[in-house]
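Numbering of ligands and ligand atoms starts at 1, following listing order.
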Amino acid sequence: MTDNTDTAAGKFRPRYTGLIERYRNYLPIADNARVISLGEGNTPLIKLNNIPRVHGLDVDWYVKYEGLNPTASFKDRGMTVAVTQAVDEGSQAIICASTGNTSASAAAYAARAGIRAFVLIPDGKIAMGKLAQAMMHGAIVIQIKGNFDKGLALVREVADEVPVKIVNSINPYRLQGQKTIAFEIVEELGRAPDYHCLPVGNAGNITAHWIGYSEYAGVTDATAACTHCDGQCPYADKALISQRPKMLGYQASGAAPFIRGAMVDSPETVATAIRIGHPQSWDYAWSASRESGGWFDEFSDEEILKTQLMLAEQEGIFCEPASAVSVAGALRDLQNGKIPAGSTIVCTLTGHGLKDPDTAIRQSSADVVTVEAELSQVKQAITKSL
Ligand code: F0G
């Protein structure tokens with residue numbers, strides 16, 4: 001644990017320079033590769049205080065606030081590794097299909113690397129903050145009249161014909177970077193949580209979490225998605241934990257292939273980040289769920305938005321709608337007893353609430369009053385609500 005008084009006493013910490021430097025021994029990046037980093041990772045693990053109290057729940061409940069990454073989502077963990085590798089291989093351009101966050105992250109890391117980014121997004125179906133990011137970082141934005149699944153199919157096809165490197169999570173380096181979230185959680189808790197809850201869209205992230213926990217446990221399950229593991233976990237004799245969490249994957253009802261048990265052709269949800277019907281990491285995600293003894297569940301848009309607001313109002317934590325699914329899931333499963341009292345839970349809050357201000361303002365219950373710029377009126381507005 002870092003003791004803040006150390007700094008006051010004149011002892012300084014080395015500058016944090018991102019997760020490739022930090023987890024080099026666990027990542028398949030060449031020692032002499034030029035590292036493309038924006039200082040991603042090292043996000044806060046925040047203990048929920050008010051929500052458990054209000055609901056009378058006996059639980060050790062944390063959120064991993066991935067919205068505090070450089071481009072405000074967990075994608076940066078994967079992008080630093082994927083772009084570092086792409087540049088090391090000589091790529092001059094990267095490409096992705098995206099519901100928004102991947103495009104923002106790809107655009108930023110491409111800018112950092114000095115290469116070109118092409119992003120395919122579903123026309124009119126990505127949050128404004130994400131579009132602004134992709135545009136500001138100089139990506140070539142291609143809006144398609146189709147959803148994410150169609151976009152990814154096109155990306156696969158076009159990458160066969162033009163020299164661009166795919167940086168969607170079908171690129172295994174993405175999952176390698178994203179697995180580091182599990183490392184950070186284990187290091188801070190001194191163990192793995194009993195349950196890990198997260199939203200599932202294309203299903204890369206649940207796969208990456210499971211790889212991370214498995215590597216810190218020194219076991220080989222689920223490492224089929226691993227690029228530097230040949231059926232034998234290279235970290236078997238370095239195991240830090242003996243127990244891995246049950247992985248709980250939550251989806252929006254309108255985009256819930258894991259609950260339907262089949263692909264969904266026209267996914268629809270207010271949580272546009274997870275508006276995905278044909279998840280690419282389908283088999284890996286099922287392995288993670290089964291091997292861990294976890295489960296999948298679904299939530300209506302109304303429940304998702306209610307939970308987003310609850311986190312913002314009761315804990316001061318602003319996440320985007322898709323991220324709130326993880327907390328909605330944990331809360332429901334605590335209340336129905338599927339997660340027993342006394343458990344340690346971590347929910348991944350995958351993206352920042354500022355990504356999607358339109359949805360936030362539309363559903364906020366905040367009382368915005370307009371008054372004359374006069375003391376009496378301002379005073380009246382305040383005393384009315386005291
Ligand atoms: N939460 C957020 C905020 C996301 O942006 C995504 C995926 C997910 C959860 C789901 O993660 O796909 O690994 O299961 N966003 C991708 C994108 C698809 O294009 O930004 P997953």
Pairs of nitrogen or oxygen atoms closer than 3.5 Å, one from [X] and one from ligand 1: do any exist?
| X | value |
| --- | --- |
| Gly201 | yes |
| Gly204 | yes |
| Ser323 | no |

Are the side chain of Asp301 and the backbone of Thr269 linked by a donor-acceptor contact shorter than 3.5 Å?
no
Main-chain N/O of Ala203 paired with Thr207 side-chain donor or acceptor, under 3.5 Å:
yes
Return the residue, atom name and 0.1 Å-rounded distance of the protein heavy atom closest to [atom].
| atom | result |
| --- | --- |
| atom 12 (O) of ligand 1 | Asn202 N, 2.7 Å |
| atom 13 (O) of ligand 1 | Asn205 N, 2.8 Å |
| atom 11 (O) of ligand 1 | Phe74 CZ, 3.6 Å |
| atom 4 (C) of ligand 1 | Ala273 CB, 3.5 Å |

Which segment of [X] sits under 4.0 Å of ligand 1 when only heavy atoms are counted:
| X | answer |
| --- | --- |
| Lys75 | side chain |
| Ala203 | backbone |
| Glu320 | side chain |

Would you call [X] a ligand 1 contact, heavy-atom distance under 4.0 Å?
| X | result |
| --- | --- |
| Ser73 | no |
| Ile276 | yes |
| Ser169 | no |

So, [X] versus [Y], ring centres under 6.0 angstrom or not?
| X | Y | answer |
| --- | --- | --- |
| Trp286 | Phe258 | yes |
| Tyr250 | Phe299 | yes |
| Tyr216 | Tyr235 | no |

Within the structure provided, determine whether [X] and [Y] are in side-chain contact (heavy-atom separation under 4.5 Å).
| X | Y | answer |
| --- | --- | --- |
| Lys64 | Thr43 | yes |
| Leu349 | Glu66 | no |
| Ile94 | Arg116 | no |

What atoms of ligand 1 come closer than 4.0 angstrom to any heavy atom of [X]?
| X | value |
| --- | --- |
| Thr102 | 16 (C), 17 (C), 19 (O), 20 (O) |
| Val200 | 14 (O) |
| Ile274 | 8 (C), 9 (C), 10 (C) |
| Thr350 | 1 (N), 2 (C), 3 (C), 9 (C) |
| Asn101 | 2 (C), 3 (C), 4 (C), 5 (O), 20 (O) |
| Ser98 | 17 (C), 19 (O), 20 (O) |

May I ask you to decide if the ring planes of Tyr26 and Tyr23 are parallel, tilted or perpendicular, using 30° and 60° as cut-offs?
perpendicular
So Tyr109 and Glu40, side chain to side chain donor-acceptor pair (under 3.5 Å) or not? Walk me through it.
CA-CA 11 Å; Tyr109 282 80; Glu40 58 295 310; 2.6 Å; yes
If the threshold is 4.0 Å, N to carboxylate O, is there a salt bridge linking Glu315 and Lys47?
no
Taking the cut-offs as 6.0 angstrom to the six-membered ring centre and 45 degrees off its axis, would you call Lys338 and Trp295 a cation-pi pair?
yes
